[in-house]
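A short worksheet on the structure shown next.
Treat the numbers as computed from the prediction; the structure is a model and nothing was measured.
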Amino acid sequence: GDFGALLKEPWVFDGRSRRPPQDPPNALLSLGYTFLLVRCQAALQIAGLDVDLGFFHTAHHGQPALTLDFMEPFRPLLVDGLVLQTLNGGLLSEGDFVASAKRPCELTPTAFKTFIRLFEERLATEFTPLGRSAPVTYSDYLLILAEELRTAFRQRDPLQYAPHIRR
């Protein structure tokens, strides 16, 4: 889908730009993906998995391939959706983004703290995953899925792991 079509004015998204992000939606996407990467990597490391050996991503330039694979299903809901909610809901405004000598678009310190809080609130949201009876927070679900992935590896049984599917 076209992410830009989901944004309300004044926000514009003409495609993904990173290193450095060129506009507010890209700045928030990059930041959100970084937050998600850190949380997913921690969950995998707690489960005792090697984050560098992935299925779809390859390890290059120090990128943790398994972490990138593991986080992929969570990107739309935990980051893309949060960015849309943050911008379309007026939780951040144009004044929350500034240009610096290093970056064409970055968050002010206050906006950075706001986005961290919003991300943490999203991780603390409870939902009931497909095929499960009890609700769980996204934060806990990352840990549960990492353990299930470890079990699948140890038992050499791919059916022990089902990537995230929301009801």
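- When every heavy atom of A43 is checked against every heavy atom of L142, the shortest pair comes out as CB-O, 3.7 Å.
- A side-chain donor-acceptor contact under 3.5 Å links S17 to the backbone of Q22.
- A side chain to side chain contact (heavy atoms under 4.5 Å, CB included) with V83 is found for exactly one of L29, L92, L31, namely L29.
- In this structure, CD in Q41 is found 8.5 Å from CG in L68, a value given to the nearest 0.5 Å.
- Using cut-offs of 30° and 60° for the angle between ring planes, the F35 and F119 rings count as tilted.
- Here the options are L87, T108, L91, T86, the test is side chain to side chain contact (heavy atoms under 4.5 Å, CB included), and the partner is D96; only T108 passes.
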ask   = Yes or no on side-chain contact (heavy atoms from CB on, under 4.5 Å) for L66 and L49, after CA distance, side-chain angles and deciding distance?
value = CA-CA 9 Å; L66 184 61; L49 294 168; 4.1 Å; yes

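- With a 4.5 Å cut-off on side-chain heavy atoms, V136 and E126 do not count as touching.
- Put simply, the side chain of R39 reaches to within 4.5 Å of the side chain of S139, judged on heavy atoms.
- With Y138 as the aromatic partner, R122 does not meet the cation-pi criteria of under 6.0 angstrom to the ring centre and within 45 degrees of the ring axis.
- No chain of hydrophobic side-chain contacts below 4.5 Å, direct or via other Ile, Leu, Val, Met, Phe, Trp or Tyr residues, connects V38 to F74.
- F127 and L145 end up in the same hydrophobic cluster when Ile, Leu, Val, Met, Phe, Trp and Tyr side chains are linked at under 4.5 Å.
- Atoms CZ and CG, from R150 and L44 in turn, are 11.5 Å apart once rounded to the nearest 0.5 Å.
- Of all non-hydrogen atoms in L107 and F115, the two that sit nearest each other are CD2-CB, 4.2 Å.
- Listed here is the closest heavy atom pair of S93 and W11: C-CH2, 3.5 Å.
- In this structure the side chain of P20 never reaches within 4.5 angstrom of the side chain of C105, judged on heavy atoms.
- D23 is not listed as a side-chain neighbour of F97, based on a closest heavy-atom distance of 4.5 Å or more.
- For E148 and R132, the salt-bridge test passes: some basic side-chain N is under 4.0 Å from an acidic carboxylate O.
- Few gaps surround CZ on R117; more than 12 heavy atoms of other groups in view lie less than 6.0 Å from it.
- Remark: N88 CG to E9 CD distance equals 11.0 Å, nearest 0.5 Å.
- Closest of all the heavy-atom pairs between V51 and T67 is CB-OG1, 3.3 Å.
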task = Go through the steps for L6 and F13 under the test side-chain contact (heavy atoms from CB on, under 4.5 Å), then give the verdict.
result = CA-CA 9 Å; L6 299 174; F13 180 82; over 6 Å; no

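- Clustering ILVMFWY residues whenever any of their side-chain heavy atoms sit less than 4.5 angstrom apart, transitively, puts L143 in a cluster other than the one holding L77.
- The two atoms that bring D80 and P76 nearest to each other are CB-O, 3.3 Å, heavy atoms only.
- For E106, the side chain to side chain contact (heavy atoms under 4.5 Å, CB included) criterion is met by V98, S100, R103, not counting sequence neighbours.
- Among all heavy-atom pairs drawn from L7 and V12, the shortest one is CD1-C, 4.5 Å.
- When the side chains of ILVMFWY residues are joined at heavy-atom separations under 4.5 Å, either directly or via intervening members, F153 and I144 end up in a single hydrophobic cluster.
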inquiry  = Run T137 and T125 through side-chain contact (heavy atoms from CB on, under 4.5 Å) and show every step you take.
reply    = CA-CA 5 Å; T137 65; T125 303; over 6 Å; no

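- If you chain together hydrophobic residues whose side chains sit under 4.5 Å apart, L78 and I116 fall into the same group.
- By the 4.0 Å N-to-carboxylate-O rule, R154 lies too far from E147 to be salt-bridged with it.
- In this model, a donor atom of one side chain and an acceptor atom of the other lie less than 3.5 Å apart for R16 and S30.
- From M71, atom CE reaches atom SG of C40 across 6.0 Å, with rounding to the nearest 0.5 Å.
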